[in-house]
Amino acid sequence: MVTKSIPVERQNEKSQAMPTGWGEVAQALLRSAGLGIYIVQEGRFQYINPLFQNSTGYTEKELLGKYSLDLVHSEDRGVVRKKAIENLKSENGSIPYEYRLVKKNGEIIWVLEEVTSINYGGKRATVGSFMDITARKKLEEVIEYSEKRYRTVLDEIQDAYFEVDLKGAFTFVNDQMSQQHLQYSKEELLGMNYKTFTAEEDIKNVYEAYNQVYRTGEPRLSIGHSFIRKDRTRGFSDVSISPLKNAKGEIIGFRGISRDITARKRLEEEREALLQDIKKINRKLEEANKELQDFVYIASHDLREPLRKISSFGTLLQDSLKGKLDEDQQENFEFMIDGARRMQNMIDALLTYSRLTTKAKPPQRVDLNKVIENLKKLELATLLDETQGGIHVPKPLRSVQADPSQMHQLFQNLIGNGLKFHKEGIAPEITIRAHEVENNMIRIEVEDKGIGIDEKYHGQLFTMFKRLHSREQYEGTGIGLASCKKIVERHGGNIGIKSTLGKGSTFWFTLPR
């Protein structure tokens with residue numbers, strides 16, 4: 001480094017020649033020095049040695065008269081100015097400092113610099129020397145990065161680490177093993193045998209695991225066992241052990257990693273208990289549901305016969321008394337017979353609804369186009385003829401995975417509603433479309449141009465026995481859309497409606513492809 005005792009008498013500005021008054025030896029030293037050396041006066045370079053030129057990539061002509069701070073990285077100029085001033089004022093000699101220097105080609109290098117004050121040509125000047133420490137800085141960065149990664153791993157590791165000798169005595173434990181795992185100090189644990197902390201019922205299995213590692217020389221992973229803490233509470237750990245060898249390759253002990261899984265084990269036990277409770281509840285629900293289905297079926301089935309008799313004998317009695325009854329009596333007979341008939345229809349509907357579960361069939365490939373064609377020819381033929389309605393399928397429908405009979409019932413209900421609730425004097429037209437949606441499902445839409453439904457009633461449509469019109473206006477039991485909802489949901493789909501009063505309705509539902 002340059003010292004404060006360099007004699008300089010006067011300046012030879014912007015010249016490659018050394019300043020006069022310098023001895024030949026001093027001049028030779030400055031040229032051949034292993035440091036970049038420069039002289040700055042009033043902030044501008046007055047002298048630079050060859051190594052300084054080589055280090056910066058500038059020629060002497062380019063540097064002489066140039067502001068020295070122009071070569072300093074913009075982010076480091078404040079630091080360099082401050083350090084230079086501190087060194088020049090110091091009575092104890094200059095202190096080296098680091099900064100980034102920008103070479104002529106734009107490359108950034110790190111330098112270690114030291115400056116001191118001199119008398120140069122009768123004026124105060126600064127002489128500085130530096131060395132390129134870029135390689136060292138890069139190495140420091142690599143080391144620092146590695147150390148940070150190592151510290152991060154140590155900080156984040158949650159497992160306990162330990163080493164034992166061939167007799168099972170602890171020879172080393174980390175903080176996690178002593179403080180968190182077993183709750184002893186390291187000093188207490190060293191020399192103690194692992195059996196001291198192992199639950200009695202697990203000692204044999206753990207011993208056999210160590211013995212296997214000793215015989216085979218191979219690690220043994222995931223050995224679950226209970227352990228006893230200092231406060232006598234019980235925990236559960238998952239341990240992996242491997243052989244600990246000396247320089248000769250001889251097994252002198254074992255190293256292990258133990259993970260405290262007490263909380264997980266407790267959660268598993270609670271989860272298992274909860275699952276058992278859920279299974280019991282499900283069994284009770286299944287039993288209750290079956291009893292309810294049996295009750296609905298038996299009650300509905302047993303009610304049909306007396307209702308049939310009421311209707312039949314009422315009709316016979318009405319016929320036998322024909323001409324003998326006054327108008328009020330005749331009307332009462334009609335109310336009785338009509339009531340029995342409506343009750344019969346409701347019972348039939350309930351039986352149909354209950355059979356959606358009790359008589360359900362496993363899903364299979366169903367061609368929806370064939371379902372619609374069969375409905376046109378059979379169940380809906382009369383209604384189509386009476387209303388002069390039509391059913392249109394612009395593009396063939398994709399097949400679905402479903403219960404065939406329930407698909408038949410689903411389309412019969414939705415298309416039948418579209419035909420029934422049509423505008424007076426206008427033949428109903430039903431259009432059926434389908435397209436693929438996410439989760440391997442198909443969305444099917446059944447659109448009509450009928451009377452439509454006020455939006456305030458949309459949420460009630462799929463409720464059992466919910467009617468929006470009187471029986472005098474439109475026939476029905478009020479169970480058709482509830483059945484549709486149950487069919488769709490049984491197949492894992494959803495159902496809904498888009499409708500505006502007076503502008504028709506579109507019922508949509510999804511089914512698995």
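Reckoned from all heavy atoms, side chains included, excluding hydrogens, waters and symmetry mates.
- The line from OG of S74 to CG of L69 is 11.5 Å long, rounded to the nearest 0.5 Å.
- The shortest side-chain heavy-atom distance between L397 and I432 falls under the 4.5 Å cut-off.
- Across all non-hydrogen atoms, the minimal contact from N413 to C484 is CB-SG, 3.5 Å.
- Closest approach of H491 and D403 over heavy atoms only: NE2-N, 3.0 Å.
- Judged by distance alone, the side chains of S117 and R124 do bring a donor and an acceptor atom under 3.5 Å apart.
- With hydrogens and angles left out, the side-chain atoms of E188 and S185 include a donor and acceptor closer than 3.5 Å.
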Checklist entry - Taking it one step at a time, do I39 and T126 satisfy side chain to side chain contact (heavy atoms under 4.5 Å, CB included)? => result CA-CA 6 Å; I39 298 175; T126 300; over 6 Å; no

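- Listed here is the closest heavy atom pair of G235 and T262: CA-OG1, 3.3 Å.
- Rounded to the nearest 0.5 Å, atoms CE (M407) and CD (Q401) are 11.0 Å apart.
- Smallest separation of non-hydrogen atoms from L71 and K66: CD1-CE, 3.5 Å.
- The backbone N or O of Y457 lies less than 3.5 Å from no partner atom in the side chain of D454, so there is not a single donor-acceptor pair.
- Tested against V173, the residues E163, Q179, K186 include a single side chain to side chain contact (heavy atoms under 4.5 Å, CB included) partner, K186.
- The only member of R229, M192, K230 that meets side chain to side chain contact (heavy atoms under 4.5 Å, CB included) when paired with F197 is M192.
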Next on the checklist: One pair to check against salt bridge (Lys or Arg N to Asp or Glu O under 4.0 Å): E286 and K280. What are the steps and the verdict?
Outcome noted: CA-CA 10 Å; E286 288 173 0; K280 291 178 182 178; over 6 Å; no

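- Each of K137, R136, M131, E140 was checked for a side chain to side chain contact (heavy atoms under 4.5 Å, CB included) with W110, and the lone residue meeting it is K137.
- Atom CZ of R44 has more than 12 heavy atoms from other residues, nucleotides or ligands within 6.0 Å.
- Taking a 6.0 Å sphere around CD of E436, one finds it holds more than 12 heavy atoms contributed by other residues, nucleotides or ligands.
- Residues F507 and F411 keep their aromatic ring centres 6.0 Å or farther apart.
- Using a 4.5 Å cut-off on side-chain heavy atoms (C-beta onward), M177 and L182 make contact.
- For the atom pair S505 OG and L461 CG, the distance stands at 8.0 Å (nearest 0.5 Å).
- Counting heavy atoms from C-beta outward, V239 and S258 have side chains that approach closer than 4.5 Å.
- How far CG of N105 is from OH of Y58: 9.0 Å, rounded to the nearest 0.5 Å.
- In K103, the NZ atom is crowded: over 12 heavy atoms of neighbouring residues, nucleotides or ligands sit closer than 6.0 Å.
- Considering only residues two or more places apart in sequence or on other chains, P243 meets the side-chain contact (heavy atoms from CB on, under 4.5 Å) condition with V213, K245, I251.
- For the pair I223/N205, no side-chain contact is recorded, criterion being any heavy-atom separation below 4.5 Å from C-beta on.
- With 3.5 Å as the limit, one finds no donor-acceptor pair spanning the side chains of R443 and T510.
- Crowding of E438 atom CD: a count of heavy atoms from other residues, nucleotides or ligands under 6.0 Å not exceeding 12.
- Atom NZ of K138 sits in a sparse spot, with 12 or fewer heavy atoms from other residues, nucleotides or ligands closer than 6.0 Å.
- In this structure the side chain of Y210 reaches within 4.5 angstrom of the side chain of V164, judged on heavy atoms.
- Among the candidates L35, V111, I37, the single residue satisfying the side chain to side chain contact (heavy atoms under 4.5 Å, CB included) test with F130 is V111.
- Contact between N494 and V488 at its shortest, heavy atoms only, is O-CG1, 3.4 Å.
- Judged by distance alone, the side chain of D165 and the main-chain N or O of G168 form a donor-acceptor pair under 3.5 Å.
- Using modelled atom types, one side-chain atom of D367 and one backbone atom of N369 make a donor-acceptor pair closer than 3.5 Å.
- Surrounding NZ of K449 are at most 12 heavy atoms belonging to other residues, nucleotides or ligands under 6.0 Å away.
- F45 and F52 have their aromatic ring centers within a separation under 6.0 angstrom.
- Judged by distance alone, with hydrogens and angles left aside, the side-chain atoms of T500 form no donor-acceptor pair with the main-chain N or O of K503 at under 3.5 Å.
- Partners of D202 according to the side-chain contact (heavy atoms from CB on, under 4.5 Å) rule, which considers only residues two or more places apart in sequence or in another chain, are T198, A199, H225, S226.
- Remark: the backbone N or O of S222 is paired with a side-chain donor or acceptor of S240 at under 3.5 angstrom.
- Applying the side-chain contact (heavy atoms from CB on, under 4.5 Å) test to K486 and every residue at least two apart in sequence or in another chain returns Y353, L356, T357.
- Checked against a 6.0 Å centroid threshold, the rings of Y38 and Y47 do not count as neighbours.
- Taking the centre of each ring, F162 and Y194 stay at or above the 6.0 Å mark.
- Not a single donor-acceptor pair under 3.5 Å links the side chain of N174 to the backbone N or O of A160.
- Two residues are said to be in side-chain contact when any heavy atoms from C-beta on lie closer than 4.5 Å; D159 and D260 fail this criterion.
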Checklist entry - Given K265 and E269, is the salt bridge (Lys or Arg N to Asp or Glu O under 4.0 Å) satisfied, shown in steps? => result CA-CA 6 Å; K265 194 73 176 177; E269 291 172 353; 5.7 Å; no

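- For F227 and H181, the gap between ring centers is short of 6.0 Å.
- Partner of E268 under the salt bridge (Lys or Arg N to Asp or Glu O under 4.0 Å) criterion, out of R266, R271, R264: R264 alone.
- The CD1 atom of I487 sits 5.0 Å away from the CD atom of Q406 when rounded to the nearest 0.5 Å.
- I442 places none of its side-chain heavy atoms less than 4.5 Å from the side chain of H435.
- More than 12 heavy atoms of other residues, nucleotides or ligands lie within 6.0 Å of CD in E62, so this atom counts as buried by the packing criterion.
- Between S499 and G504, the shortest heavy-atom distance links the atoms OG-O, 3.0 Å.
- A donor-acceptor distance shorter than 3.5 angstrom exists from the side chain of H73 to the backbone of E75, with no hydrogens or angles considered.
- Between V102 and V72 there is no side-chain heavy-atom pair separated by less than 4.5 Å.
- For K83 and Y97, the positive end is not near the middle of the six-membered ring at less than 6.0 Å and at most 45° from its axis.
- Put simply, OG1 on T56 and CG on L101 are 7.0 Å apart, with the number rounded to the nearest 0.5 Å.
- Checked by atom type and distance alone, the side chain of E113 never pairs as donor or acceptor with a backbone atom of E98 at under 3.5 Å.
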Next on the checklist: For S242 and R255: C-alpha separation, side-chain torsions, deciding distance, then whether side chain to side chain donor-acceptor pair (under 3.5 Å) applies.
Outcome noted: CA-CA 6 Å; S242 57; R255 62 164 58 96; 4.6 Å; no

